[in-house]
Number of protein chains: 2
Amino acid sequence: MASRAKATILDIAREAGVSKSTVSLVLQGSRLIRPETALKVRKAIEDVGYVYNRGAANLRKAHSNVIGMVINDLTNPFFAEMAVGMERVFQSAGIVPFIANTAESPVRQEEVLKSLMEQGVAGLVVSPARGTTPGAFRRLETAGVPVVFVMRRLPESRIPVITPDNHRGAYLATAHLIGKGHRRLAFFGGSSDLVVYHERLGGFRAACEAFGIAPADRLVFEGETSRKGGIACLETALAMAAPPTAALCFNDAVAFGVLLALRKRGLEPGADFAVVGFDDVAEAEHYMPALTSVAVNTAGLGERAAHVVLKMIQSRTTRAEDHIGAVNLVVRESCGPDRKEHGCAGMGDAA
Amino acid sequence: MASRAKATILDIAREAGVSKSTVSLVLQGSRLIRPETALKVRKAIEDVGYVYNRGAANLRKAHSNVIGMVINDLTNPFFAEMAVGMERVFQSAGIVPFIANTAESPVRQEEVLKSLMEQGVAGLVVSPARGTTPGAFRRLETAGVPVVFVMRRLPESRIPVITPDNHRGAYLATAHLIGKGHRRLAFFGGSSDLVVYHERLGGFRAACEAFGIAPADRLVFEGETSRKGGIACLETALAMAAPPTAALCFNDAVAFGVLLALRKRGLEPGADFAVVGFDDVAEAEHYMPALTSVAVNTAGLGERAAHVVLKMIQSRTTRAEDHIGAVNLVVRESCGPDRKEHGCAGMGDAA
DNA sequence: TTGATTTATTGGAACGTTCCATTTAATAGG
DNA sequence: CCTATTAAATGGAACGTTCCAATAAATCAA
C-alpha cells in the first residue's frame, strides 16, 4: 500500500546522482548517455518503482502516441474481429491502442470522441455509429487529428474510408443465387440509414438487372441487422402470396436468423430456400448448415485501416486515399444444390 | 485543416476578456462565477474551438478519471458482453473507460498495464490473461491503483475478485445430468492453468460424489476452450471402449463444438448424448438444439465489478471484498428427455 | 463614514516532463 | 603547451492546467 508521493524523474536523478536531464535522456534511449551512466539510472528507476508520466511528457511534446479505436458494436463478432486486426498492427508498431465502444449510439460516440480528444489522441480509427451526423467529426478535423473510417462511411465527408467492395460482393452473391436457378429473390435486413446498405442493395439490384430478373421478382425487406431481424424478414417473406425462394442477407447475423427460422418451420435451408450471408464471420463456417457468405477479409481491412492512420500520423496529414478491399464469395452449404425447373420437395416453391 | 497552435485556456481568457483562472473555474462548473461571465466564456470556448487538455490538468490534480478495462479476449462474445456491462456503469458515472485487449497473452498484458499506468489510470478492471504471473500486478499495487479482477482469479493475490459461483454452477449442471439418468459422465475442455477450471471441475466432482457416481465413471478431458476443443474432446471420448453418455462442458464454446461434432457423426444431441454448457452466452438460446447451460449473469458481473472499482477509487482504498455471483441452470433442449434404463430414440422434449 | 463580510475575479506558483543552450571533461591536432 | 573538437552531462525555460492566496467590488452593520 503505502506508496508516498509518486516518484518523479527528479527522485531518480537524486538516487542515481545525476541530473534530471540525464534521466530524461536515458528514458528516451538517447545515445548521448554513457552506457554505464544509463545503467545506473535504470537501476535507480527499478529501485524506486518509478512510473513514467506520459501526461507530463505530452504537455511538452504535443505528440501523444495514443491511438484510439472507436467501435460501434463490440459485441458483434464481426467488429471485434476487425478490432483485433487493427490491434495487431498497432502492437507491432509499439503502440497500445485504446478501444472505445459506442454501442451504436451517436450520443455516446460524441462523448467518446470528446474524451479521446481531451486525452490528446494522435489518431483515430472509427467505425461510426449508425445515425452519426455529418458534423460529428468536425472538431477532430479542425484539430487536425488524423481519422480514418473503417467499414462504414458517412454520406458527405472528406475522411478517408476503408471498406470492402460491398457492391461487388452483393453482385457476386446474387449472381450465385441466380446461377442456382432462383428467379424470385429477396434482400433481407439492414436499414437505409447506413451507406453500406445502399451499396449492398445496389449490387443486388445490379445483378438482378444484369441477369434479367423482373423488378417485381426482387423483393427488399428492411429489418434489424441481427438474428432477430433475419427471423422477422423470413416470416414476412414466406407469408406472401408468391414468396421468394432465396435471399441475400445484409450480413451473417441476419442469415443465421433466417437459417434458424427455416428450421423452425420444418424447412431445409439450402434445399427449400437458399441463403447467402455477408461478411463471412468465423461462425459461418461452423454453422449448420455451413453458411455461404461474402468474405470481406475483416481482419485485413482492420489492419489496412491501422496502417493508413499510422502513415497519416507520421506524415502529419489529415488526408489519405480511400481503400476498397477485394471480396470473394465462399460457397458452402446454405444454397443447396443447383435448382431444377421446379423446386424439389419441401413446400411451396416458386410460382 | 490549418488549425494553428492549439487554443489554450489563455486564448479563451483573452477572447472573453477575463483571466485564465476564471476560465478554469468555468470549465469546472464552479458556482463562484457570475452566470453571465460563464456564458461569455463558454461562447469564447465554442468560437475558438478549444479542446480541454486533460493531461495538463492531471499533472496538477493527480486525479485522472481514466479507467481501464483490460480484457483477455475481446473476440469472445462472453467477455465482450461482460465488457459492455461494465461500460454501462462507467458511462452513467460520466466516465469513458478505455478498453484494452490482451489476446490472452501475458506479455501483451504487461505492455497494456504499463501503458495504462503511464497514462495515469485511476482504476482498473481486469480479466487476466491465462498464464499471468503472480507478480504481474505488483507495480499497480505499489502505485496504489485500485484493481479488481473479474471472471478469473490469480492463485495468490490480494486483489478483489468478482466471479460467478463456478463450483455451484458445475454442481447444479452435473446433478441435472445425473437426474436425467446418466451414469457415465464427462467433463470437457478447459485447461488446468486457470483457477476457474479447478472450480468448475471441483463442482462436477462434488456432484458425482454426492450422487454416487463411481470415480471410474467420471471422465475428464482437458482441451482448448473453443469449438475446436469441444470437437476434439468428443472425438476422443467416443473412441473409448465405454464412452460417456453426457458431458458438462467447460464453457459454451466447447459445448457448441460438441453439438457440432455429434451432428457430424449422425448422432442426435440430447437424445444420444447430453450436453450442458457453461456461461449461457446469448447464442446458447438460439442454437440448434438450444443449449442447456449455466447462466452466470455475465453483464451483471461486469456491472458489479465496475461498481466495486468505482467505490474503491472514491474511497481511495486498494482493498475490497470478493463477490461470488449467483448462478442458475437454464434448461433447454441439449440434454433431451429423461433417460430410461436404455437411451430411447426420438428427440421429444424434456419430460 | 468606517470597517467587516460576502461575492467575483485574478496572479502566480506548482505539477513532471522535454529540449535548447550551456558547461564541463576528455581527446586530438598542432 | 594551447586551442579545437567531440562527448557527456546539466540548468532552466517552457507546456496547459489547478488552486491557494490575494485583490477588487459590492453589500451590509454600525
Side-chain angles (χ1 to χ4, degrees), chain A residues 3-42 44-45 48-66 114-115 117-122 143, chain B residues 3-42 44-45 48-66 114-115 117-122 143:
Chain A
S3 105
R4 47 190 72 259
K6 286 192 170 82
T8 82
I9 214 181
L10 277 111
D11 298 310
I12 311 178
R14 196 175 320 115
E15 181 83 6
V18 298
S19 81
K20 62 176 172 42
S21 304
T22 305
V23 178
S24 175
L25 288 174
V26 171
L27 250 16
Q28 298 170 74
S30 165
R31 314 199 320 93
L32 277 182
I33 303 295
R34 200 151 40 110
E36 46 177 312
T37 317
L39 217 67
K40 206 167 48 178
V41 171
R42 261 188 272 274
I45 288 179
V48 177
Y50 164 78
V51 335
Y52 183 70
N53 185 333
R54 206 167 282 278
N58 288 341
L59 192 52
R60 191 66 228 276
K61 298 195 293 186
H63 221 99
S64 81
N65 104 320
V66 173
K114 178 157 169 257
S115 171
M117 287 194 72
E118 293 182 356
Q119 226 62 238
V121 278
Chain B
S3 106
R4 47 189 69 258
K6 283 194 172 79
T8 82
I9 215 181
L10 277 112
D11 298 310
I12 311 179
R14 196 176 320 115
E15 181 83 6
V18 297
S19 80
K20 64 180 171 39
S21 303
T22 304
V23 178
S24 175
L25 289 173
V26 171
L27 284 173
Q28 299 172 72
S30 165
R31 316 199 319 94
L32 277 182
I33 302 295
R34 202 151 37 111
E36 45 177 312
T37 316
L39 216 66
K40 208 168 48 179
V41 171
R42 262 188 273 273
I45 289 178
V48 178
Y50 164 79
V51 335
Y52 183 71
N53 184 334
R54 205 166 283 278
N58 288 341
L59 191 52
R60 191 66 228 276
K61 299 196 293 187
H63 221 100
S64 81
N65 103 322
V66 174
K114 177 158 170 256
S115 172
M117 286 194 72
E118 293 182 354
Q119 227 60 239
V121 278

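Reckoned from all heavy atoms, side chains included, excluding hydrogens, waters and symmetry mates. In what follows, every chain begins at residue 1, and chains take the letters A, B, ... in the order their sequences are listed.
- What you find for B:Ile12 and B:Val41 is that their closest heavy atoms are CG2-O, 4.0 Å.
- Here the CG atom belonging to B:Asn58 is positioned 11.0 Å from the CG atom belonging to A:Leu59, to the nearest 0.5 angstrom.
- Rounding to whole angstrom units, CD of residue A:Gln28 and C1' of C:dC19 are separated by 8 Å.
- When all heavy atoms of A:Ala7 and A:Val48 are compared, the pair lying nearest together is CB-CG1, 3.2 Å.
- Once you apply a 4.0 Å limit to the heavy atoms of chain B, the touched nucleotides of DNA chain D run 5' to 3' over D:dG16 to D:dC19.
- Residue B:Ser19 places at least one side-chain N or O under 4.0 Å from the OP1 or OP2 atom of C:dT10.
- Base contact: A:Leu25 has a heavy atom under 4.0 Å from a base atom.
- Taking CD from B:Gln119 and CG from A:Asn53, the interatomic distance works out to 9.0 Å, rounded to the nearest 0.5 Å.
- Taking CZ of A:Arg54 as the start and OG of B:Ser115 as the end, the distance is 6.5 Å to the nearest 0.5 Å.
- For the pair B:Arg31 CZ and C:dA8 C1', the interatomic distance rounds to 13 Å; values are reported in whole Å.
- Put simply, CG on B:Leu32 and CG on B:Leu25 are 6.5 Å apart, with the number rounded to the nearest 0.5 Å.
- With sequence neighbours excluded, the residues that form a side chain to side chain donor-acceptor pair (under 3.5 Å) with A:Arg34 are A:Glu36.
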- prompt: Does the pair B:Val18 and B:Val26 meet the rule for a side-chain contact (heavy atoms from CB on, under 4.5 Å), with working shown?
  reply: CA-CA 11 Å; B:Val18 297; B:Val26 171; over 6 Å; no
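- For A:Ser24, the side chain to side chain donor-acceptor pair (under 3.5 Å) test picks out A:Gln28, with sequence neighbours left out.
- Taking five base pairs at each end of the helix from C:dT1-D:dA30 to C:dG30-D:dC1, the local helix axes there meet at an angle of 50°, rounded to 10°.
- Using a 4.0 Å heavy-atom distance criterion, A:Ser24 is classed as a base contact.
- Here side-chain hydrogen bond (donor to acceptor under 3.5 Å, both in side chains) pairs that include residues 14-23 of chain A, with residues two or more places apart or in two chains, are A:Asp11-A:Arg14, A:Ser19-A:Thr22.
- For the segment residues 50-58 of chain B, the set of residues with a heavy atom within less than 4.0 Å of an atom of DNA chain C is empty.
- At a threshold of 4.5 Å between non-hydrogen side-chain atoms, the residues B:Tyr50 and B:Leu27 count as touching.
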